[in-house]
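To start, the structure under review is shown below, and the notes come after it.
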Amino acid sequence: MDQSRIRNFSIIAHIDHGKSTLADRLLERTGAISERDMRAQLLDEMDLERERGITIKANAVRIDYEAQDGFEYQLNIIDTPGHVDFSYEVSRSLEACEGALLLVDASQGVEAQTLANAYMAIESGLEVIPVVNKIDLPAADPDAVAEELVGILGGSVDDVVRVSAKAGTGIEELLEVVIEKLPEPQGKVDSPLRALVFDSYYDTYRGVVALVRVVDGVMREGDVIRLMASGEDLVVAEVGVRRPAIEPTGRLGAGEAGYVITGVKDIDLIRVGDTVTHAENPAVDALAGYAEPKPMVFSGLFPTDGDDFERLREALDKLRLNDSSLVYTPETSRALGFGFRVGFLGLLHMEIVRERLEREYDLDLVATAPSVEYVANLADGTSSVVQSPQDLPDAAIRQSIEEPYVKVMIITPAEYIGTVMELVQSKRGEMGEMNYLSTERVELHYLMPLSEIVFDFFDLLKSRTRGYASMDYEPDSYRESDLVRVDILLNSQTVDAFSTIVHRDRANTYGKLMVKKLRELIPRQLFDVPIQAAIGSRIISRETVKAKRKDVTAKCYGGDITRKRKLLERQKEGKKRMKMVGSVEVPQEAFVAALKIGDD
Amino acid sequence: MTESPDAARSSTPGNGRVDLPRRSEFRADDRGLADAAGSWKSAYIHIPFCSHRCPYCDFAIVDESQANEVDRQRYVDAVISEIAMEDPFGSLDSVNFGGGTPSLLTSDQLEQILNALKGRFTLTTGVEISIEVNPEDMDQRAIEGLVGRGFTRLSIGAQSFDGQVLGVLGREHGVGVAQDVAVEARSAGFESVGIDLIYGHPSESARSWRATVEQAIALPVDHISTYALTVERGTTLSRDVLAGAPAPDPDDQADRYEMFCDLAGNAGFARYEVSNHARPGHVCVYNLSTWSHGEYLGFGLGAHDHRRGERSRNHQRLDRYLEDIEGGIRPRIGSETLSVSDQERDRFMLGVRLAAGVALTPFATAFASSERGKRLIDAGIVDIESDRLVVTHPMLTDAVAREALSVSVGDC
Ligand SMILES: Nc1nc2c(ncn2[C@@H]2O[C@H](COP(=O)(O)OP(=O)(O)OP(=O)(O)O)[C@@H](O)[C@H]2O)c(=O)[nH]1
Ligand code: SF4
Ligand SMILES: [Mg+2]
């Protein structure tokens, strides 16, 4: 295909501003999907995405569009997620495109991920088309929102396209703006092949399916290709495009995006970010690729049934193919046995990964409370990275502890500035700059410990600003802090999986709340279970789960022993989901009790 | 065929049929007796009629709006037919009429059923024939009618002696009625007279319960059954609780139970099973045998059979039950076959409810030496003494049974 007839773009926005719905309209308008097959947010293919109504994975699709100039255009569209945890998906998608549609909900205005994603697109050198969506809403204020967009991107209000993805208004105009404004790919057709692997997934029957954007040259079925980073040579079994069902095309030329299948099942051979070239006449320079995303939080994942450890490893390996941000190393816990320390981009990411592992790989897992990554400086001048509180070196040999700080951007209506500042201060934040987006809305910048924002900060921010504030953050630096480890003892035994690192000022409160929460979560057993919180050998709080005193049913109706036995067996099954820690039965949710402390 | 009573005492448990020892020798913690009771045989006759449904009850019953006198006779006839259809079983050591409300039948109807049983099976010499009655159904004539027809044991559904508690339990008899029935039953000549009590309704106070217990032990009765009120699914009580009414508190119930054991114990009633206390010589044959894994035949709506190695059950719906019988079919809806190890497990699950505990069978031994078992022994909840396993905290019996079910014999 002539590159002048190709447009590659991502749809980017703050969460829920309507990206996937807009993708629906584009698919519909171009006849890619029959009316019968159409359903809302069609590109949200995963069960989890549909259940939660959010996009988790970027999804690429090809459509054909006959423009008003009479030519047929090939559009490669990537619908991206809006949640801050998945911004790595956005950054990868942008590398496969020349342009981006920046969508803003006309009733909400510019929010934190609008800004973050816009800057990301501009830094990647993309042409950005501002689009105001949801103009059908009664609360929509398209003019004000267009002004805000001009404030960020420059240009004029007339450049802002107005659509309603839901009602389908403005779609035709938008497509014409895409054709007119977005640059065509500038690939060198006659140069050696260079294609970027921007995503991949594992298909049980066909092995690894890599999604690629061809930059230079052409890739055909039967070609022997080489992956420049891994050095592996493979034969192309099939190339084609996603519509979104896969459709073989026999070739992909410069400027085009599609998929390639080689039949390999070894997931390490084709890595996201690698460059595909030909084994014969290879390209000299690989494409830029991707920086590894940096995990923000770490948590232990353990199979409830110890025998499932190997299955968990395989599941993580396969999931990693579809989620290149996933990092993990084996971890051993006295309480929970063998598992993995897994790095996540945030709490939502953690939740999603855990659910995908449980559902897609039929595992039953216990997760431990997430922790950020600390650095412990030792008296002997060395230092060690601490991903798990249980690994924190002893206070005796420790000189100091450093913790990660992040740059936080908060966008809020001006009336909540005071509230937000108060909240930030209570979380050890330091004020940075403040910009007015308009007279009513401000952009606030802070430097904050990651550990303070990663758990309940966003919920607190939302509830204190009646849902109006939004936030984004990115890693900044490590700084020394006065931190201590709070241990939890059950029945006088330290349970490593419960240990947490907190600021010294908060240690007592944390210990009290945690012990109280655990008392609620741990069911009564046949004997008293003392729960204690301790810093070193000093006990800072204590509660007791009182022994159960009655656990017996009355007589059996009409001699129905079978029913009685079944009842006992059902109750027994319920107990199986508990983890035995020493002699105490601990429900799975207790291991993330630290996250629930703020609940009441 | 009936052997001489003396043979019983020399027989060993599990070794074929054992005859009933003399009643006066029954003692609550008699281990030989508890094991022997595992070979006793009983018949249970379910009488599903009640004047109305009590708010906590989920039994298979029909209330007066669903059944009239004609229906009752039809039911009695059906039970008689069912008895006639039953396979040979051996001789019966006890016959128990339960419900529902068996006292809603006339003495004649009860006699018809008893005659049918006598026609089909041998009754052991000294057989126990017992019936559960609601106090308001019992006048002197009715009481004498039962004695005259061979009933040896009467269980009076007193439930409480606190009028307010009776009200919330949906019971219709006035305070004092149950006491009168007990006194009359005693003088009418029953061998054993017992009363049933329910405790632990959220509106019952500790003081109210104490008063009820004190009145109960002062009566001329020799057996007391106590049941902790439980919230069963689908009952009015359960709906109320779901709607926010207070639920019975397990700790309060444990307190009430302990209070009862103290008071009743001092008055000469010994616990032989979690819910049953008796004076010496008045242990209930039917109860003891059921919990000792004895065999029984169940007749009537929703009744269950237990023949060694097999359990089966009848229809729970009256129309189905009657239809089957009147069509000449046994009204079964299901059965399960039990392997030898299943039977051992059941024997354990039931036997832990007995004050005498269970013998150290391979199943019990495997449990006692497992991690779970050891924890319970360490915690003083389970005791191993001279070849028996005994639960020392009766209120935790289900927890012990559950732990044991979690240990497979291979674990040790
Ligand atoms: N009224 C109205 N609602 C819209 C419009 N576009 C999207 N929505 C609704 O907004 C909600 C979010 O839409 P999505 O398309 O899932 O948003 P998204 O940006 O893809 O969300 P994430 O992928 O989770 O970031 C859905 O309930 C849509 O129906 C619109 O033009 N008008
Ligand atoms: S009398 Fe007994 S069987 Fe009848 S409804 Fe009341 S509790 Fe249930
Ligand atoms: Mg989406």
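Letters A, B, ... mirror the listed sequences (proteins, then strands); counts begin at 1.
Within 6.0 Å of atom CZ in A:F338, 12 or fewer heavy atoms from other residues, nucleotides or ligands are found, so the atom counts as exposed in its surroundings.
Note on ring orientation: taking the six-membered ring where Trp is involved, the planes of B:Y199 and B:Y257 are tilted (angle from 30° to 60°). Ring-plane geometry between B:F49 and B:Y75 is classed as perpendicular, the angle between the planes exceeding 60 degrees on a 0 to 90 degree scale with a lower cut at 30. Relative orientation of the A:F498 and A:F591 rings is parallel, given thresholds of 30° and 60° on the angle between their planes.
Using a 4.5 Å cut-off between heavy atoms, A:K548 touches chain B through backbone and side chain atoms alike. Of the two parts of B:R402, the backbone and the side chain both hold a non-hydrogen atom closer than 4.5 Å to a non-hydrogen atom of chain A. The contact between B:D251 and chain A is made by backbone and side chain atoms together, counting heavy-atom distances below 4.5 Å. For chain A, no part of B:E371 is nearby; none of its heavy atoms comes within less than 4.5 Å. At a 4.5 Å heavy-atom cutoff, the contact between B:I381 and chain A is made by side-chain atoms alone. Only the side chain of A:E585 comes within contact range of chain B, judged by heavy atoms closer than 4.5 Å. Residue B:A379 touches chain A through its side chain alone, counting heavy-atom pairs closer than 4.5 Å.
The minimum heavy-atom distance linking B:G300 with B:N314 is given by the pair O-ND2, 2.9 Å.
You'll find the ring centres of B:F299 and B:Y44 outside the 6.0 Å limit.
Counting heavy-atom pairs closer than 4.5 Å to chain A, the top residue among B:R345, B:E258, B:H393, B:R372 is B:R345. Each of B:N96, B:D255, B:T397, B:T226 has some count of heavy-atom pairs under 4.5 Å with chain A, and the biggest count is that of B:D255. The most heavy-atom pairs under 4.5 Å with chain A, out of B:L376, B:D398, B:L229, come from B:D398.
Judged by distance alone, the side chains of A:D496 and A:S333 do bring a donor and an acceptor atom under 3.5 Å apart.
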